[in-house]
There are 2 protein chains.
Amino acid sequence: MAVSEQFKDVFAQLPAGSFDKDCPTRPVMAQVTGRWGALIIAALVPGPMRFSGLHQHIDGISQKMLSQYLKSVVRYGLVERLVEPTVPPQVTYSLTPLGQSLAQQLCALLSWFSANTPALEAAQQRYDAADSPAR
Amino acid sequence: MAVSEQFKDVFAQLPAGSFDKDCPTRPVMAQVTGRWGALIIAALVPGPMRFSGLHQHIDGISQKMLSQYLKSVVRYGLVERLVEPTVPPQVTYSLTPLGQSLAQQLCALLSWFSANTPALEAAQQRYDAADSPAR
DNA sequence: CTGTATCCGGAGCGATACTG
DNA sequence: CAGTATCGCTCCGGATACAG
């Protein structure tokens, strides 16, 4: 199968330590793949956005979490924080080149989920119906 | 910039509801992008694996979490569970076609993290050194 | 407007012990 | 070997109030 060959190549490029407990990517992964990380990165793809803009755009996030995740991604060099010394202050967030390259991967992932939502839901219903209708 | 154009196209294909609170992909994302989801899927890329094999391969995961995450991905139709009626019983997990297509995205993401670990670590050190050396 | 500080409930997760 | 059940702890995450 061509598909198998294809992604086995990708897999083969993964360093051996990817599954190690102390793999340095684990913390970053935890943030980016955390509850809000991917959505924040993706939200900045169309262009820079203000704090309040993100707060509105990403439905359901609290100020605390937005602030917290933003601090992380800024620290990782994925997002740039630009402060306009005006009154009231305006803070603009935008993707760095590094963040843009990550955004491509994340958008691909989000696209996959969107595209395969029907299949995923169908599988769940099949699973739930087959085994434990009581639960 | 060519890069911008490129992933803006990808982004444009995302449904408008991707950022909605009730987006149906959120629960699945939560699992797959949870602490172990991606690693489990990725671990099955080279081929089917047994429970104990996964337990060893994915460093640091507990039986409870492995079992729990496996149940989820099976329910989502991403992984197939095959029980050999032998004594002692042998259970083999393998990716479904749906799971394989997801695995491609996840492997790409893992690859990105592996490839950009130096840049990410450098950014962190820069950030930490610049502002709060006391902490 | 853009955050930070505090409190608090619940989910996630690990360790351990137990079952088939 | 392949799980399930229970306990306990940590940390995530929301609501609210406060600060620059």
Side-chain angles (χ1 to χ4, degrees), chain A residues 19-23 26-40 43-44 48-75 79-94 127 131-132 134-135, chain B residues 19 21-22 26-40 43-44 48-75 79-94 127 131-132 134-135:
Chain A
F19 295 99
D20 284 2
K21 182 169 25 180
D22 58 348
C23 177
R26 285 271 178 97
V28 193
M29 279 282 292
Q31 275 296 325
V32 174
T33 70
R35 183 165 178 188
W36 301 111
L39 290 174
I40 289 178
L44 288 173
M49 203 176 298
R50 303 254 305 278
F51 186 89
S52 55
L54 288 168
H55 195 17
Q56 294 173 22
H57 191 66
I58 303 173
D59 200 21
I61 194 172
S62 65
Q63 275 194 347
K64 175 188 173 183
M65 286 299 105
L66 179 55
S67 160
Q68 184 173 308
Y69 271 83
L70 279 174
K71 203 183 297 180
S72 292
V73 290
V74 168
R75 193 168 97 99
V79 169
E80 188 181 17
R81 199 181 108 115
L82 194 69
V83 181
E84 301 279 351
T86 61
V87 177
Q90 291 190 179
V91 183
T92 305
Y93 293 92
S94 58
Y127 184 93
D131 192 25
S132 50
R135 187 160 49 104
Chain B
F19 295 99
K21 182 168 28 182
D22 57 348
R26 286 271 179 99
V28 194
M29 280 281 292
Q31 275 296 324
V32 174
T33 68
R35 181 163 179 189
W36 303 111
L39 290 174
I40 289 178
L44 288 173
M49 203 176 297
R50 304 254 304 277
F51 186 89
S52 54
L54 288 167
H55 194 17
Q56 293 173 23
H57 191 66
I58 304 173
D59 200 22
I61 193 171
S62 65
Q63 275 195 347
K64 177 187 173 183
M65 284 300 104
L66 179 56
S67 159
Q68 184 174 307
Y69 271 83
L70 278 174
K71 203 182 296 178
S72 292
V73 289
V74 169
R75 193 168 98 98
V79 169
E80 188 181 17
R81 199 181 107 116
L82 194 69
V83 181
E84 301 278 350
T86 61
V87 177
Q90 292 190 179
V91 183
T92 305
Y93 294 90
S94 57
Y127 184 91
D131 192 25
S132 48
R135 188 160 48 102

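These values consider heavy atoms only, across backbone and side chains, with no hydrogens, waters or symmetry-generated copies. We name chains A, B, ... by the order of the sequence lines, and we start the count at 1 in each one. Small disclaimer: the values here were computed from a predicted structure and weren't measured.
Rounding to the nearest 0.5 Å places OG of Ser72(B) at 15.0 Å from CH2 of Trp36(B). Rounding to the nearest 0.5 Å gives a distance of 7.5 Å between CE of Met49(A) and CD1 of Ile58(A). Atom OH of residue Tyr69(A) and atom CG of residue Leu39(A) lie 10.0 Å apart, to the nearest 0.5 angstrom. Atom-to-atom distance recorded for Arg50(A):CZ and Gln56(A):CD is 10.0 Å, nearest 0.5 angstrom. Here the CG-OG1 distance, from Leu82(B) to Thr92(B), works out to 6.0 Å after rounding to the nearest 0.5 Å. The structure places CD1 of Ile61(B) at 9.5 Å from CD of Gln68(B), a figure rounded to the nearest 0.5 Å.
In this structure, the CD atom of Glu84(A) is 11 Å from the P atom of dT2(C), given to the nearest Å.
Using a 4.5 Å heavy-atom cutoff, the side chains of Arg81(B) and Tyr93(B) are in contact.
The side chain to side chain contact (heavy atoms under 4.5 Å, CB included) test applied to Ser94(A) returns Pro48(A), Glu80(A), not counting sequence neighbours. Not a single side-chain hydrogen bond (donor to acceptor under 3.5 Å, both in side chains) links Arg35(A) to another residue, sequence neighbours left out. Every side chain to side chain contact (heavy atoms under 4.5 Å, CB included) that Lys71(A) has, sequence neighbours left out, goes to Tyr127(B).
Axis angle across the helix from dC1(C)-dG20(D) to dG20(C)-dC1(D), with five pairs used at each end and values rounded to 10°: 40°.
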Base contacts versus sugar-phosphate-only contacts with protein, heavy atoms under 4.0 Å: please encode nucleotides 8-20 of chain C as B, S and - from 5' to 3'. -----BBB----B
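For DNA chain D, the span of nucleotides reached by chain A at under 4.0 Å from its heavy atoms goes, 5' to 3', from dG13(D) to dG20(D).
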